Amino acid sequence: MKNLNYILIFLISFGAFSQQNVFKGDPDRAFEVARELAFNNARKQAQDTLLLILTKYPDYHDIRDFLGSTYSWDGEYKKAREAFEYVLKKDSNRLGTWEAAIKNELYSEVPFSALKMANEALTYFPNNPDLLYLKASAQEGTNEQNEALQTIEALLKTNPNHEKAQSFKTSLVDKLSLNTIGLRSSVEIYSEVFDPMQYYLFKYSRQTKYGSIHGKVNFNRRFASNGVQFEVDLYPKITKGLYAYLNVGVSGSSLFPDIRYGFELYKSLPKSFEASLGLRALKYSQTTTIYTGSVGWYTGNDYWSFRTYITPGDSGASMSGTLNYRKYRINSDNYFSIDAGMGFSPEIYRFEFEGNENAIINLKSQKLNLGYFFTSKNNKNAWGIRSGIVHQEVSFNPGSYFWIFDVGLSWNMKFK
């Protein structure tokens, strides 16, 4: 029946209108027909009908307004702009036309024009919440996030239940929160030989236009000893789709390498892939160099990645690999993760090397980890819980294994 109605509408519209140079008939009925066509995937026929009506009724503003909207839907922003300008020049007290015209400027990625138009519209409709929302959208598009936040806060003062504004405010606060402090703690329990090992981390990071910088303090308690390490991580942006990872760390404790440093390049690829290649170096009694690379793939809310470490040694290269899967929810801070891997990498320095690097890097190991990460409603605070199990070869008794059970908690807070 629906298809039959559509066919009848189509025949009526073109039987009655298509052969006319100047419209003759009922404009309201013809407008209704055009709307039906537009909403049933016959946009071109709808536009032809609307244009024909306008030959007789050029100031039927609802028709020209709707015509402009159909052009905007089709990405014909210039035609849409001309239609809206015609209507607003004739009658500037049309709220719906202002809204459609501003949205057209935003869709066409000219936010400065959208902002100018929003300010003009607000002179006719002061403090209108929908216009304020569009103004804030334009301000964000012109990289005026602080001003956009002020506009949204003004909107919410008089319209506290405006759901889109509430969501937009949360997003803006998140973008403007360039600083983060965080804590992480974890414990590893061994099935035999070793006492539990404790790991703690405090970090401060800041986002800049050149990339992010992270300062970290690692504190470990292992082998009845305490140790501290200081690290700095940098993620400089090089060009669009290309960024780097730089790391340096120092410690005076035997629980950590005296010096560690690393470098890696990340490149975005077609089809939502990303690849990286780099190295890590750990200096104990001698320096161990580890080569690493990864491949990642984003598909919808899912992320898959595989990372490998290759460590050359006197008895040949040691290799390890980890496959990771993440299921994202509302944003990148809310997700479930699972990863599984095989092989030992000295970058994860569980043991004291003490000159036994070649023996340790060839240890056999298998692991499985689960994690769940979530944020507060305003995205200001982020928490995480992670647990895993490792089947690890004993360094002083090759061929024998023990189990390692670990659990970790993390907390991060963003602020301006």
Side-chain angles (χ1 to χ4, degrees), residues 99 102-103 106 111 118 127-186 200-209 211-216 233 235 272 296 298-305 324-339 369-388 407-416:
E99 291 178 12
I102 297 166
K103 288 178 182 177
L106 291 172
N127 300 317
N128 179 273
D130 295 324
L131 290 176
L132 286 172
Y133 181 85
L134 291 172
K135 177 181 177 178
S137 299
Q139 288 171 321
E140 184 190 29
T142 59
N143 291 318
E144 299 176 73
Q145 280 90 358
N146 282 300
E147 290 79 1
L149 181 59
Q150 291 173 10
T151 301
I152 285 294
E153 288 176 337
L155 188 166
L156 288 171
K157 278 186 179 179
T158 54
N159 298 271
N161 297 319
H162 196 293
E163 292 185 2
K164 290 173 68 176
Q166 291 172 344
S167 177
F168 195 9
K169 180 180 177 179
T170 298
S171 173
L172 287 169
V173 169
D174 188 45
K175 289 180 180 179
L176 290 168
S177 298
L178 303 178
N179 301 284
T180 302
I181 58 171
L183 296 171
R184 188 172 70 214
S185 65
S186 62
Y200 303 93
L201 175 147
F202 171 77
K203 74 171 185 178
Y204 165 75
S205 64
R206 179 171 176 80
Q207 297 287 336
T208 75
K209 63 180 180 179
S212 61
I213 180 170
H214 305 250
K216 300 188 292 186
D233 292 339
Y235 292 87
S272 300
Y298 292 90
T299 171
N301 290 331
D302 300 323
Y303 174 69
W304 295 87
S305 69
N324 175 263
Y325 167 74
R326 290 184 181 183
K327 180 69 174 181
Y328 289 101
R329 292 161 53 230
I330 56 175
N331 59 32
S332 61
D333 294 320
N334 289 264
Y335 62 92
F336 163 79
S337 73
I338 179 170
D339 57 77
N369 293 299
L370 299 174
Y372 181 68
F373 300 84
F374 58 98
T375 61
S376 57
K377 187 176 180 180
N378 61 4
N379 284 335
K380 184 177 181 180
N381 293 279
W383 293 273
I385 181 168
R386 193 170 183 271
S387 62
V407 61
L409 300 172
S410 64
W411 167 77
N412 293 294
M413 184 182 73
K414 295 180 179 179
F415 60 98
K416 292 179 69 174

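A quick note: this is a predicted structure, and the numbers were derived from the prediction, not measured.
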Undergrad: Going by salt bridge (charged side-chain N to carboxylate O under 4.0 Å, His left out), name the residues that satisfy it together with K327, two or more places apart in sequence or in a different chain.
TA: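 Only D302 meet the salt bridge (charged side-chain N to carboxylate O under 4.0 Å, His left out) criterion with K327.
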Undergrad: First locate atom CD of Q145, then atom CG of L172, and finally report the distance between them rounded to the nearest 0.5 Å.
TA: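 Between atom CD of Q145 and atom CG of L172 there are 7.0 Å.
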Undergrad: Could you check if a side-chain atom of N379 sits within less than 4.5 angstrom of a side-chain atom of N331, using non-hydrogen atoms only?
TA: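 A side-chain contact exists here, since the closest heavy-atom pair is under 4.5 Å.
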Undergrad: Determine whether a donor-acceptor pair (N or O, by modelled atom type, separation under 3.5 Å) exists between the side chain of S167 and the backbone of E163.
TA: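 A pair under 3.5 Å: no.
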Undergrad: For Y328 and S332, work out which heavy atoms get closest and say how close.
TA: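 Looking at all heavy atoms of both residues, the shortest contact is CE2-O, 3.5 Å.
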Undergrad: A136: what forms a side-chain contact (heavy atoms from CB on, under 4.5 Å) with it, not counting sequence neighbours?
TA: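 A136 satisfies side-chain contact (heavy atoms from CB on, under 4.5 Å) with Q139, A148, T151, I152, F168 only.
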Undergrad: Quick one: does T170's side chain have a donor or acceptor within less than 3.5 Å of a partner on Q166's backbone?
TA: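 Looks like yes, one N/O pair under 3.5 Å.
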Undergrad: Is there a side-chain contact between K169 and L149, using heavy atoms and a 4.5 Å cut-off?
TA: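 Heavy-atom side-chain distance check passes, below 4.5 Å.
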Undergrad: Supply the atom-to-atom distance S137 OG to L132 CG, rounded to the nearest 0.5 angstrom.
TA: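 Between S137 OG and L132 CG, I get 10.5 Å after rounding to 0.5 Å.
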Undergrad: Could you work out, with side-chain contact (heavy atoms from CB on, under 4.5 Å) as the rule, every residue matching E99, not counting sequence neighbours?
TA: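 Only L95, N128, D130, L131, L134 meet the side-chain contact (heavy atoms from CB on, under 4.5 Å) criterion with E99.
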Undergrad: What distance separates F415 CZ from T180 OG1, expressed to the nearest 0.5 Å?
TA: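 If I round to the nearest 0.5 Å, the distance is 7.5 Å.
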Undergrad: Any side-chain heavy atom of L183 sitting closer than 4.5 Å to one from Y200?
TA: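 Side chain of L183 against side chain of Y200, heavy atoms only: no contact under 4.5 Å found.
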Undergrad: So, using ring-ring contact (aromatic ring centres under 6.0 Å, His included) as the criterion, who are the partners of Y372 when residues are at least two apart?
TA: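 For Y372 the ring-ring contact (aromatic ring centres under 6.0 Å, His included) partners, ignoring immediate neighbours, are F374.
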Undergrad: With sequence neighbours excluded, what pairs up with S337 under the side-chain contact (heavy atoms from CB on, under 4.5 Å) test?
TA: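 Partners of S337 by the side-chain contact (heavy atoms from CB on, under 4.5 Å) criterion, ordered by chain and then number, come out as N324, R326, Y335, F373.
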Undergrad: Name all residues meeting the side-chain hydrogen bond (donor to acceptor under 3.5 Å, both in side chains) criterion together with K216; count only those two or more places apart in sequence or in a different chain, and write none if there are none.
TA: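 Only D233 meet the side-chain hydrogen bond (donor to acceptor under 3.5 Å, both in side chains) criterion with K216.
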Undergrad: side-chain hydrogen bond (donor to acceptor under 3.5 Å, both in side chains) with E153: which residues, sequence neighbours excluded?
TA: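 None.
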Undergrad: List the residues meeting side-chain hydrogen bond (donor to acceptor under 3.5 Å, both in side chains) with S376, not counting sequence neighbours, and say none if there are none.
TA: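 With neighbours one apart ignored, the set is N378.
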Undergrad: Provide the closest heavy-atom pair for L155 versus A165 in the form atom of the first, atom of the second, distance.
TA: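 So the minimum-distance heavy-atom pair works out to CD2-CB, 3.7 Å.
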Undergrad: Output all residues satisfying side-chain hydrogen bond (donor to acceptor under 3.5 Å, both in side chains) with W411, sequence neighbours left out; order by chain, then residue number.
TA: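 side-chain hydrogen bond (donor to acceptor under 3.5 Å, both in side chains) list for W411, sorted by chain: N381.
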Undergrad: Identify, with sequence neighbours excluded, every residue that meets side-chain contact (heavy atoms from CB on, under 4.5 Å) alongside N146.
TA: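 Per chain and number, N146 pairs via side-chain contact (heavy atoms from CB on, under 4.5 Å) with L176, K416.
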Undergrad: Keeping to residues at least two apart or across chains, list the salt bridge (Lys or Arg N to Asp or Glu O under 4.0 Å) pairs with something in residues 170-186.
TA: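 Found E140-K175, D174-K414.
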Undergrad: Going by salt bridge (charged side-chain N to carboxylate O under 4.0 Å, His left out), name the residues that satisfy it together with K203, two or more places apart in sequence or in a different chain.
TA: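 Partners of K203 under the salt bridge (charged side-chain N to carboxylate O under 4.0 Å, His left out) test: none.
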Undergrad: If the plane angle is over 60° it's perpendicular, under 30° parallel, otherwise tilted; pick one for Y325 and W304.
TA: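 Y325 vs W304 ring planes: tilted.
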Undergrad: Using 30° and 60° as the class boundaries, would you call the ring planes of Y133 and H162 parallel, tilted or perpendicular?
TA: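 Because their plane-to-plane angle is under 30°, the rings of Y133 and H162 count as parallel.
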Undergrad: Please name the residue in the list L409, N369, L370 that meets the side-chain contact (heavy atoms from CB on, under 4.5 Å) test with R386.
TA: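 The side-chain contact (heavy atoms from CB on, under 4.5 Å) with R386 is passed solely by N369 among L409, N369, L370.
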Undergrad: For the residue pair A118 and I102, what are the closest heavy atoms and their distance?
TA: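 Scanning both residues completely, I find the closest heavy atoms to be CA-CD1, 3.6 Å.
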Undergrad: Could you give the distance from CG (N179) to CZ (R206), rounded to the nearest 0.5 Å?
TA: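 Interatomic distance, N179 CG to R206 CZ, rounded to 0.5 Å: 4.5 Å.
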Undergrad: Compare every heavy atom of A138 with every heavy atom of L106, then report the nearest pair and how far apart it is.
TA: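 Closest approach of L106 to A138, heavy atoms only: CD2-CA, 3.8 Å.
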